[in-house]
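Labels below follow one simple rule: chain letters A, B, ... track the order of the sequence lines, proteins then strands, and each chain is numbered from 1.
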There are 2 protein chains.
Amino acid sequence: MNFCQACTVRNRAICADLDEDEIGLLNNIGRPMHLEQGERLLWEGEDAVLVANVVEGVMKLSAQTADGKEQILGLVYSSDFLGRPFGQTTPYGAEALTKTQVCVFPRGEFDRFAREHPRLEHKLLERTLTELDRTRRWMLLLGRMNAEQKLASFLLETADRLAPDACGPFGEGAPRMLTLPLSRQQIADVLGLTIETVSRQFTRMKNEGLVEVLGRREIAILRRDALEARTR
Amino acid sequence: MNFCQACTVRNRAICADLDEDEIGLLNNIGRPMHLEQGERLLWEGEDAVLVANVVEGVMKLSAQTADGKEQILGLVYSSDFLGRPFGQTTPYGAEALTKTQVCVFPRGEFDRFAREHPRLEHKLLERTLTELDRTRRWMLLLGRMNAEQKLASFLLETADRLAPDACGPFGEGAPRMLTLPLSRQQIADVLGLTIETVSRQFTRMKNEGLVEVLGRREIAILRRDALEARTR
DNA sequence: CGTAGAATTGATTATTATCAATCATCGTGG
DNA sequence: CCACGATGATTGATAATAATCAATTCTACG
């Protein structure tokens with residue numbers, strides 16, 4: 001059974017540059033897997049036994065301080081790669097934030113395949129470099145922004161990264177609806193804040209007419225430009 | 001003139017797995033370059049025109065918020081790689097913190113060479129993955145640690161990364177001397193703090209007998225275990 | 001409906017930033 | 001070689017921001 005042929009991220013994930021033969025081989029190594037919201041795929045500090053492509057859904061990567069405070073290290077969207085190839089231990093936990101479809105590979109076999117297929121390694125390198133850039137930009141947010149700047153940045157980035165799934169009226173001026181893949185607590189864990197501070201910032205932005213808070217997870221961005229100004 | 005033959009990081013940098021012929025080719029692309037303390041090699045947001053290996057010295061990667069606050073995104077030590085291959089713009093500035101010896105490559109030529117030499121790309125991938133892990137660990141520090149935990153973590157990591165150059169008596173119990181490659185302000189910029197807060201934490205650690213502050217940049221770690229406890 | 005978990009709101013505290021002044025260190029030139 | 005000045009570091013006082021603690025209030029779901 002070749003799952004790759006029907007794969008919706010076949011042309012966006014790291015497998016994009018492989019030819020049919022190669023995809024066939026990779027297909028034999030990987031297997032599709034479904035995760036319910038809240039299910040974990042990786043545990044911080046454990047042996048790096050597997051890596052994966054996210055096909056559908058959103059996952060979080062996270063670590064904890066010794067006293068149990070969580071920090072979300074990254075969000076992984078569809079077509080993104082997940083896990084630590086060429087390494088002994090997984091330096092973070094990975095948990096599904098929504099119903100998620102992944103394509104899982106045993107790490108050892110994936111590593112071997114990657115070393116034998118430079119086009120795959122190249123894609124993986126490009127992705128890793130992009131992810132490193134994104135992570136470093138997030139450091140600027142964590143280290144030097146206040147709560148308002150953090151939340152504004154988060155909303156804008158989330159809107160962009162969810163863009164492919166966006167629905168509703170498009171074009172300039174139209175409010176941008178989004179369904180957040182995170183709870184308030186999780187947003188706090190992304191931004192290095194507490195849930196109360198996040199909540200207060202939402203209230204403030206709502207009162208100032210920047211966003212509309214419809215449900216717990218339904219947000220409309222009313223004034224993108226004003227929100228961008230708040231990131232600065 | 002083949003500089004690589006005399007290169008002190010020949011076996012540790014990304015060139016480690018190349019054979020003599022390949023090194024010869026790479027040698028033709030790169031050229032050695034000296035940087036004085038404070039000299040810049042890359043500017044945030046500019047075109048990515050070059051990449052480099054650090055041969056000797058320490059450099060910082062940094063970005064700024066719109067209102068000019070700086071955040072150091074990473075420190076680059078000898079044998080580390082620097083710059084953004086396969087990308088249009090350099091997402092951070094790079095500046096020498098000490099007298100530094102680098103080996104610079106025009107990005108376009110480096111990219112081409114890398115694509116043609118999978119062993120180099122593989123080394124680069126491993127390094128990028130390691131750097132991503134390190135950066136993510138730093139996110140936990142920035143997002144969830146207090147000033148004391150941050151400074152303790154910084155001192156321990158710096159001691160480790162400077163270890164090859166360490167001098168003085170070794171072994172358990174012996175104080176670990178280190179020459180910080182950063183000013184107090186730069187330490188603050190690494191940790192997402194102000195210079196005053198960093199200074200106060202140093203004073204506190206000194207008073208508690210964890211470290212000795214000899215000169216502005218000379219620190220002795222007196223009780224590593226106690227310092228480790230402060231990171232938690 | 002009623003309930004449990006999530007989110008919001010309010011009051012207070014803690015931590016760190018900011019502002020201001022003083023002190024130390026290092027390099028320089030007399 | 002020493003005094004001086006400049007820069008960097010420390011210290012102190014105060015303010016701002018976000019964390020913490022403590023109720024409510026939503027709202028999604030059985």
Side-chain angles (χ1 to χ4, degrees), chain A residues 36-38 60 65 67-71 97-99 140-155 179-208 211-219 230-231, chain B residues 36-38 60 64-65 67-72 97-99 141-155 179-208 211-219 230:
Chain A
E36 285 300 313
Q37 182 177 118
K60 68 165 192 186
T65 58
D67 55 333
K69 279 182 287 192
E70 178 156 310
Q71 175 65 49
L97 293 174
T98 62
K99 283 193 178 202
L140 183 63
L141 175 141
L142 289 174
R144 290 301 187 203
M145 287 186 181
N146 63 29
E148 178 180 51
Q149 293 171 315
K150 284 178 174 181
L151 186 60
S153 301
F154 168 78
L155 290 174
T179 302
L180 300 174
L182 302 102
S183 68
R184 293 287 186 275
Q185 180 59 60
Q186 288 166 336
I187 294 172
D189 292 340
V190 170
L191 300 178
L193 298 170
T194 58
I195 184 174
E196 294 94 332
T197 300
V198 171
S199 182
R200 283 184 244 271
Q201 290 301 328
F202 263 117
T203 305
R204 211 141 92 68
M205 286 183 181
K206 194 176 61 186
N207 292 339
E208 289 171 322
V211 302
E212 187 92 8
V213 182
L214 300 142
R216 290 180 173 181
R217 304 226 173 183
E218 304 301 318
I219 302 286
R230 297 302 167 95
T231 66
Chain B
E36 285 299 312
Q37 181 176 118
K60 68 166 192 186
Q64 299 198 321
T65 58
D67 55 333
K69 278 182 286 192
E70 178 156 311
Q71 176 65 49
I72 292 182
L97 293 174
T98 62
K99 283 194 178 202
L141 175 140
L142 288 174
R144 290 299 185 206
M145 287 186 180
N146 62 29
E148 177 179 51
Q149 294 171 314
K150 284 179 175 181
L151 186 59
S153 302
F154 168 78
L155 289 175
T179 302
L180 300 174
L182 302 101
S183 68
R184 294 288 186 275
Q185 180 60 61
Q186 287 166 337
I187 294 172
D189 292 339
V190 169
L191 301 178
L193 298 170
T194 59
I195 183 173
E196 294 94 333
T197 300
V198 171
S199 183
R200 284 185 243 270
Q201 291 301 326
F202 263 116
T203 305
R204 211 141 93 67
M205 286 183 181
K206 195 176 60 186
N207 291 339
E208 289 171 322
V211 302
E212 187 93 7
V213 181
L214 299 142
R216 290 179 174 180
R217 304 220 172 188
E218 305 302 317
I219 303 284
R230 298 301 168 94

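The nearest whole Å value for the distance from the CD atom in B:Gln37 to the P atom in D:dT7 is 15 Å. What separates CE of B:Met205 from C1' of D:dT11 is a distance of 18 Å, to the nearest Å. D:dG8 atom C1' lies 14 Å from atom CG of B:Leu182, rounded to whole Å.
Side-chain contact between A:Ile219 and A:Val213: present, with at least one pair of heavy atoms (C-beta onward) separated by less than 4.5 Å.
Looking at residues two or more places apart in sequence or on another chain, you find a side chain to side chain donor-acceptor pair (under 3.5 Å) between B:Asp67 and B:Thr65. Every residue two or more places apart in sequence or in another chain was checked for a side chain to side chain donor-acceptor pair (under 3.5 Å) with A:Thr203, and none qualifies. Listed by chain and number, the residues in a salt bridge (charged side-chain N to carboxylate O under 4.0 Å, His left out) with B:Lys206 amount to none (sequence neighbours excluded). Scanning for side chain to side chain donor-acceptor pair (under 3.5 Å) contacts around B:Gln149 gives an empty result, with sequence neighbours left out.
One distance of note links CG of B:Leu141 with CG of B:Leu151; it measures 10.0 Å at 0.5 Å rounding. Residue A:Gln186 holds its CD atom at 8.0 Å from CD of A:Glu70, rounded to the nearest 0.5 Å.
Of the possible donor and acceptor atoms, one in the side chain of A:Gln37 sits under 3.5 Å from a partner among the backbone N and O of A:Leu97. A:Gln71 places a side-chain N or O within 3.5 Å of a backbone atom of A:Val190 that can act as its donor or acceptor partner. In this structure, A:Arg216 contributes its side chain and A:Arg184 its backbone to no donor-acceptor pair below 3.5 Å.
In summary, contact between chain A and DNA chain C, defined as any nucleotide atom under 4.0 Å from a heavy atom of the protein, begins and ends at C:dG5 to C:dA11 in the 5' to 3' direction.
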Nucleotide by nucleotide, 5' to 3', does protein get under 4.0 Å of the base (B), only the sugar-phosphate (S), or neither (-) in nucleotides 24-30 of chain D, counting heavy atoms? --BB---
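In the helix from C:dC1-D:dG30 to C:dG30-D:dC1, the end axes, each obtained as the rotation axis mapping the C1' atoms of four pairs onto the next four within a five-pair block, lie 30° apart to the nearest 10 degrees.
A salt bridge (charged side-chain N to carboxylate O under 4.0 Å, His left out) check over residues 143-152 of chain A, counting only residues at least two apart or in different chains, returns the pairs A:Arg144-B:Asp189, A:Glu148-A:Arg204, A:Glu148-A:Arg230.
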Give me the distances for all protein-to-nucleotides 16-18 of chain D N/O pairs that come in under 3.5 Å?
from, atom 1, to, atom 2, distance (Å)
D:dA18, OP1, A:Ala147, N, 2.5

Protein and nucleotides 21-23 of chain D: nitrogen or oxygen contacts under 3.5 angstrom:
from, atom 1, to, atom 2, distance (Å)
D:dC21, N4, A:Glu196, OE2, 2.9

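Ranked by how close their nearest DNA chain C nucleotide is to the 5' end, A:Lys206 and A:Arg144 are led by A:Lys206.
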For a quick test of your reading: what N or O donor-acceptor pairs under 3.5 Å do the side chains of residues 192-202 of chain A make, sequence neighbours left out?
from, atom 1, to, atom 2, distance (Å)
A:Thr194, OG1, A:Thr197, N, 3.4
A:Thr194, OG1, A:Thr197, OG1, 3.1

